[in-house]
**Q** 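My questions will all concern the structure given below.
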Amino acid sequence: SWTVSNSQISGFEPRGSGFGKNASGNPLWMAVGAQYNAANATSMASTTDGINWTRSSALGDGVFKDCAYGQGTWVAVGNSIMKWSSNGGLTWNVGSYFSADSVSYGGGLWIAGGEQASYVSRDGRNWTLESGLPATGTVPRAAYGNGRWVVGQGSQIRSSTDGVTWSAISSPVGLPQGVAYGSGTWLIGGNGGTIATSPDGETWTTIGSSTSGLPASTAITNVAAGNGRFVASSNFRVVAAGQVTTGLSGTTTISAANG
């Protein structure tokens with residue numbers, strides 16, 4: 001089951017989250033999103049435990065869809081904008097101008113997914129079109145772990161060991177959206193609070209909302225992993241945090257974040 005966060009930040013609609021480090025090199029969760037009508041609207045929040053969140057105005061105005069960390073750099077993407085930060089999100093630099101709904105880092109490669117195209121980068125600052133994923137009008141969300149990329153795209157889950165050649169299977173969670181790798185387990189979110197887990201990114205086990213404890217009324221649009229914990233978010237709030245462990249028998253258990 002998952003622990004639902006009670007950190008409701010006024011003026012903030014979270015769209016995506018990531019796990020990385022702050023300016024001091026300590027673990028940090030970050031959520032980015034859209035501002036809405038409030039006197040102190042914000043597009044960014046952060047936390048050290050995945051439960052209690054603090055707003056920040058550092059990212060500035062805009063509609064941001066996702067963020068990720070790698071090579072000492074945070075990258076945030078959204079509507080016709082990409083920003084990067086090399087000091088833990090304290091200050092941000094404007095990078096390439098393209099629209100993307102997701103961004104991920106792994107194996108020395110960044111992948112950002114948009115509605116009509118995907119983009120790749122080696123440094124998180126300079127981007128080129130990705131030709132290996134089909135531009136089908138759907139939004140790919142990618143994650144990297146254990147030498148493999150996994151992308152939720154349309155009604156399929158795609159995987160690749162090099163970010164160039166991809167294989168595909170039918171999605172077990174409806175429209176696959178948030179995906180992450182942590183504690184030896186892949187986790188992907190979908191419609192109706194449904195998630196699925198996999199030990200290898202190819203064979204998946206579906207877990208319904210009645211088992212996971214995630215709200216059945218929401219789609220899990222983003223998942224991030226770090227420090228033995230997954231954080232899931234929908235378009236309107238940070239939904240929950242949970243821990244994943246795998247026993248000697250290979251059985252995967254998702255337990256509450258507070259143990």
Side-chain angles (χ1 to χ4, degrees), residues 2-9 11-22 26-35 42-56 58-59 62-70 73-79 82-85 88-89 92 100-106 110-113 124 139-145 150-152 176-183 185-190 193 195 212 214-215 218-244 254 257:
W2 293 65
T3 298
V4 177
S5 172
N6 293 317
S7 296
Q8 296 298 295
I9 299 175
F12 180 50
E13 181 183 296
R15 300 291 183 88
S17 57
F19 178 78
K21 295 182 179 180
N22 61 17
N26 296 319
L28 182 75
W29 296 94
M30 186 180 296
V32 298
Q35 303 163 311
T42 186
S43 58
M44 170 184 160
S46 62
T47 175
T48 58
D49 61 10
I51 301 296
N52 302 294
W53 295 78
T54 302
R55 69 172 59 248
S56 171
L59 189 56
V63 177
F64 293 91
K65 301 293 187 68
D66 201 11
C67 63
Y69 179 87
T73 299
W74 280 98
V75 171
V77 299
N79 289 354
M82 184 278 292
K83 289 188 175 183
W84 58 271
S85 171
W92 293 82
D101 293 271
S102 66
V103 63
S104 307
Y105 173 80
W110 293 87
I111 295 181
V139 180
R141 293 189 176 274
Y144 183 86
V150 171
V151 175
Q177 299 192 56
V179 59
Y181 178 83
S183 302
T185 299
W186 285 97
L187 188 147
I188 195 164
I195 59 176
S212 69
L214 290 167
T218 188
I220 305 303
T221 55
N222 192 270
V223 182
N227 272 10
R229 178 170 294 176
F230 286 93
V231 168
S233 64
S234 72
N235 278 346
F236 299 101
R237 63 178 295 185
V238 176
V239 175
Q243 292 176 318
V244 174
I254 303 178

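Heavy atoms only: backbone and side chains are in, while hydrogens, waters and symmetry mates are out. Owing to the predicted nature of the structure, the values given are computational and were not obtained by experimental measurement.
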**Q** So how far is it from Lys65 NZ to Asn79 CG, rounded to the nearest 0.5 Å?
**A** 4.5 Å
**Q** Is the backbone N or O of Asp49 less than 3.5 Å from a side-chain atom of Arg229, with the two atoms forming a donor-acceptor pair by type?
**A** yes
**Q** Test Val75 against Tyr105 for side chain to side chain contact (heavy atoms under 4.5 Å, CB included), laying out the working first.
**A** CA-CA 9 Å; Val75 171; Tyr105 173 80; over 6 Å; no
**Q** Has Trp74 got a side-chain atom pairing as donor or acceptor with Asn22's backbone, closer than 3.5 angstrom?
**A** no
**Q** To check you understand the geometry: which heavy-atom pair defines the closest contact between Leu59 and Ala76, and what is its length?
**A** CD1-CB, 4.2 Å
**Q** Where is the tightest heavy-atom contact between Gly89 and Met44, given as atom of each residue plus distance?
**A** O-CE, 3.6 Å
**Q** Could you tell me whether a side-chain N or O of Ser43 sits under 3.5 Å from a main-chain N or O of Val32, the two making a donor and an acceptor?
**A** no
**Q** Looking at Thr185 and Phe230, what are the two nearest heavy atoms and their distance?
**A** O-CZ, 3.7 Å
**Q** Mind checking the CH2-OG spacing from Trp92 to Ser56? Nearest 0.5 Å is all I need.
**A** 9.0 Å
**Q** Nearest 0.5 Å, please: how far is CZ in Phe19 from CG in Leu28?
**A** 8.0 Å
**Q** Taking atom CH2 of Trp110 and atom CH2 of Trp84, what is their separation to the nearest 0.5 Å?
**A** 11.5 Å
**Q** Taking atom OH of Tyr69 and atom NZ of Lys21, what is their separation to the nearest 0.5 Å?
**A** 5.5 Å
**Q** Do you know which two heavy atoms are closest between Ala34 and Val63, and how far apart they sit?
**A** CB-CG1, 4.1 Å
**Q** What are the two closest non-hydrogen atoms of Gln177 and Ile220, and how far apart are they?
**A** CB-O, 3.4 Å
**Q** Return the minimal non-hydrogen interatomic distance between Gly16 and Cys67, and the atom names on each side.
**A** O-SG, 4.4 Å
